[in-house]
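On a predicted model such as this, the values are computed, not experimentally measured, just so you know. In what follows, chains are A, B, ... by sequence order, proteins preceding strands, each numbered from 1.
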2 protein chains.
Amino acid sequence: MSPKTRNVTQKEIARLAGVSQTTVSMVLNDRDGSNVRIPAATRERVKQAIEQSTYVADPAARRLAGLDNRIMGVFTYEPALSPESMDFYGPLLNGIERAAEEVGCDLLFFTSSPVEDGRRTLFHRKTRLRLADGCILLGQNMDGDDLKRLVDERFPFVAVGRRDETTARVPYVGIDYVSLTAELIRRASELGHREGIYVHRDRNSPTARDRRGQIVTTNESGDIRFTLLAIEENDVSSVVDTLASTGATVVFAEDTFLAEDVALAFIAAGIDVPRRVSLASLAEVRGHRIAGCALTGFQTPRQQIAAEALNLLQRLVITPAEQWSDLDTQLLLDGKLEFGETLVPPDSAS
Amino acid sequence: MSPKTRNVTQKEIARLAGVSQTTVSMVLNDRDGSNVRIPAATRERVKQAIEQSTYVADPAARRLAGLDNRIMGVFTYEPALSPESMDFYGPLLNGIERAAEEVGCDLLFFTSSPVEDGRRTLFHRKTRLRLADGCILLGQNMDGDDLKRLVDERFPFVAVGRRDETTARVPYVGIDYVSLTAELIRRASELGHREGIYVHRDRNSPTARDRRGQIVTTNESGDIRFTLLAIEENDVSSVVDTLASTGATVVFAEDTFLAEDVALAFIAAGIDVPRRVSLASLAEVRGHRIAGCALTGFQTPRQQIAAEALNLLQRLVITPAEQWSDLDTQLLLDGKLEFGETLVPPDSAS
DNA sequence: CTGAAAGCGCTTACAG
DNA sequence: CTGAAAGCGCTTACAG
C-alpha cells in the first residue's frame, strides 16, 4: 500500500557511528541524567553521523514508545476552510495557528470524519482523534453526547465557546457576556434610558442565558425596566407594537442579525433609529451599520479565545488526568463594548 | 509527559471475544483472503466486543506496522491561516479540504516548523513531515533545495503552482498560462491591435517565463508586435514614454498589481484607459476595476488546483515510488479568460 | 480457520 | 559510560 520509502533509522546511524542504537537515542534526546553520561567524544561522533545523513525520527514510533506527539487535533462539525465559514472560523483558526506556533505543535484537521445529516461525526469506527494529543472543538453548536464522551474518556480537549450541553464539566474558553451586557445596560442607563425592550430568540444556550439573566437582574434592581420579547423564526414585527405600548426608548437584540431585522422593522414603520429609539446588539458587531450608523454592540476577541483554547489544551495534555481538577478549565475572556452610534440619549429627536 | 490515558487495545478486545489478537486485527481490516477465512460467527463476536468498547485503532501503531495513515501534510512557508494570507491561501485551503473529505484523509498543518528569517523551515532536526503519508506544498515561492531533497528522498509531495526551481522533477499542479496568454493575444489581435507593450518584472519563475515566452513567440509570428518593458521595483513610469514612442494601442501587464500601477500612470498622464489604450493583466483579476471598468485578465480555478494537487498526492502515496515515473505528475489546468472591459478595439476614442 | 512470532522504529528501565 | 532487552499497538507472513 504505502510506498514507505525506507528511511534512515537510528540503527543505521548507530552503525555509522560505531555505537549502539540506544546511545543514538540518548544523544538525540539529550538524555544525560544521573544514570547516563555520554562522553562528549561519542556524543559528537553520533551527531556527526546524524548530520551527514538525512535522519529524522519517525514520529509514529516515538508516539508508540510513549512520547507525546505535539499534535493537536482541530475538529469542526462543518468544513472549516470553506469561503462561507471563513467569516466565523477565520479568526479562530488564526488564533489557533498562532498559538500552535508558539507552543510548537502541529495541527491535525479531522477532514476524514464521515458526514451524517450534513455534519461531521466526531466518534466513529475509525476516529483519528487519538492520533492527536488533544483536540480543539469548534462550532456554533456541538453534540452534547460527544462532549460527554470526551469527558468520560478523559481525552484532553477544549471547546471554543461556553458549553454546558451536558452535565459533564466541559473545558472551554468563551466570552464573558454577563459583564458585557451589564456594562451596556449601565451605559444606556447613564444616557437616561428607563424603559427598554430585549428582543431574543428564547434559546437555551449558555450565552443566551447569560444575557437574558443580566437583563432580568436589571429588571429586579430597576435601573431600566426591560420588556422581554421572545420572537420566533425571524419575525420581529411585534417589536413595533411593543415599542408603542411600552414607550421604550431603547432596544437590545440578542444578536446582530436580530438587531438588523429590528432596525428594518422600525424603519419600515417610519420609526427613526436611533433618534426615536436606540438599538444595540448583545453580540459581535464588527463594523455593522444600521441606516448609516455604526451599530452599538460588542467586540469579541475571537483570535484570543482560540489561542487561549489551545494553550489550555496544552496544559491539559501535559497534566495527568487525575490532576485536571486542579486546573482552571473554564475560562471566560473579557470582550469590549463597541459603542457605535445607535445608542444615544432618549428623545434625541426633539 | 503525555498522560496517554490507557486505551483499549486489540489485546483486550481479543480477551473479551475469546480469540487471539491476530484475529481481531483480521476482522478489523476485513482481511478475508485466500489464507484467512474467518467464520461469520467469530467475526460477529469480535465486532460485538468492539462495539461495546470504545476501541479505536492507534494510528501510530498502524503507521509503524507499515500501513498508510491517511494523513496528508500541508506545508506553507508562512502562516496559512492569518487574515492577510487568506486572500491567497483561502481558496487553496478550501480546495484541499474538500478533496481531503472525498479522499478520506486528515490534514496535518506543520505549524511547529521553526521560523528562520521569517519563513518556516521544512527540514529541521525534528521534521514532522514523515508523520504524514505525503505533503502538499503551498506558497508563492518555495525553496529549491527543499524541493530537491523531497524528490531525492522520494517523499510523496505535490507543489501547488508550477515549479522548476530545481532540476529535479517536481510534481505540481498549476495553471496553463501559455494557452491563456495565447488566447488573450488572439483576442487583442482580432480586435485590431497591432502594436503592444508587455510590462513585466523580469523574473525567472516558470509562470513568468511561460507568459513572456508566448509574447516573444507572437513577435516572431507577427500578429502583434510587442515591446517588452522590464520594470524594476514598481516604477512603471517608463510605460508612458514607451507608449508614445511605439504607438502601441494595448498594454499587457504580467500581474494584476502591475496592471493597476500602469493604469494609474496612464491616468496621471491624461491617457484614457481603455479608450486610448487597452489594458489587460496576465493573471487572476477577480473583479478588479480600473477607472470603473472591469479589468481584463484571467480567471484561475484555485480551489480546483488545490483539489487536484491533493488527488495527485493521493495517487503518489498509493503508488510505489518505483512506478512514479508512469504517473503524470505535472499537471497544468486550464484557466479562463475574464474578458472584462479594458480590452477594446484600438482608436475607440475617435 | 486461527494463533504464536517477528517486526515496524523508537524509548526507557536494567544490567553490565 | 554503554548496550541488550522489553515494550508501545499494530500487521502480516508463517505454522499449525
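- In this model, a side-chain donor or acceptor of B/Thr22 finds a partner on the base of C/dA4 within 3.5 Å.
- The side chain of A/Ala65 lies closest to D/dG7 when the candidates are D/dG9, D/dT11, D/dG7.
- Residue B/Gln10 places its side chain closer to D/dT11 than to any other of C/dC10, D/dG9, D/dT11.
- Comparing D/dC1, D/dG9, D/dT11 against the side chain of A/Pro39 picks out D/dC1 as the nearest.
- Of the side-chain N and O atoms in B/Ser25, one or more sit less than 4.0 angstrom from OP1 or OP2 of D/dT11.
- In this structure, A/Thr42 and A/Gln21 both approach DNA chain D, and ranking their closest nucleotides by distance from the 5' end singles out A/Thr42.
- Contact check on B/Asp152 versus B/Lys148 returns a salt bridge, with a Lys/Arg side-chain nitrogen under 4.0 Å from an Asp/Glu carboxylate oxygen.
- Under 4.0 Å is where a charged nitrogen must lie from a carboxylate oxygen, and between B/Asp133 and B/Arg63 at least one such pair does.
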| field | DNA chain D base-pair string [pairs: Watson-Crick or G-U under 3.5 Å; |: paired with another strand] | value | |||.||||||||.|||
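- Within the nucleic acid shown, B/Thr23 comes within 4.0 Å of sugar-phosphate atoms alone, with no base atom in reach, counting heavy atoms only.
- The cationic atom of B/Arg119 (NZ for Lys, CZ for Arg) lies less than 6.0 Å from the six-membered ring centre of B/Tyr77 and within 45° of the ring axis.
- The phosphate of C/dG9 (OP1 or OP2) has no side-chain N or O of A/Arg62 nearer than 4.0 angstrom.
- At most 12 non-hydrogen atoms from other residues, nucleotides or ligands lie less than 6.0 angstrom from CD of A/Glu51.
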Donor-acceptor list for residues 108-118 of chain A side chains, cut-off 3.5 Å, not counting sequence neighbours:
from     : atom 1 : to       : atom 2 : distance (Å)
A/Thr111 : OG1    : B/Cys105 : O      : 2.6
A/Ser112 : OG     : B/Asp106 : OD1    : 2.7
A/Ser112 : OG     : B/Asp106 : OD2    : 3.4
A/Ser113 : OG     : A/Phe110 : O      : 3.2

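- If you check every strand for non-hydrogen atoms under 4.0 Å, A/Ala60 touches nothing.
- Atom CD of A/Glu12 and atom P of C/dC8 are 11 Å apart (whole Å).
- Note: CE (B/Met26) to P (D/dT12) measures 8 Å, nearest angstrom.
- Under the rule for a side-chain hydrogen bond (donor to acceptor under 3.5 Å, both in side chains), the partners of B/Glu97 that lie at least two apart in sequence or sit in another chain are A/Arg120.
- In the set C/dC8, C/dG3, C/dC1, the nucleotide with an atom closest to the side chain of B/Val19 is C/dG3.
- No side-chain heavy atom of A/Phe75 sits under 4.5 Å from any side-chain heavy atom of A/Leu138.
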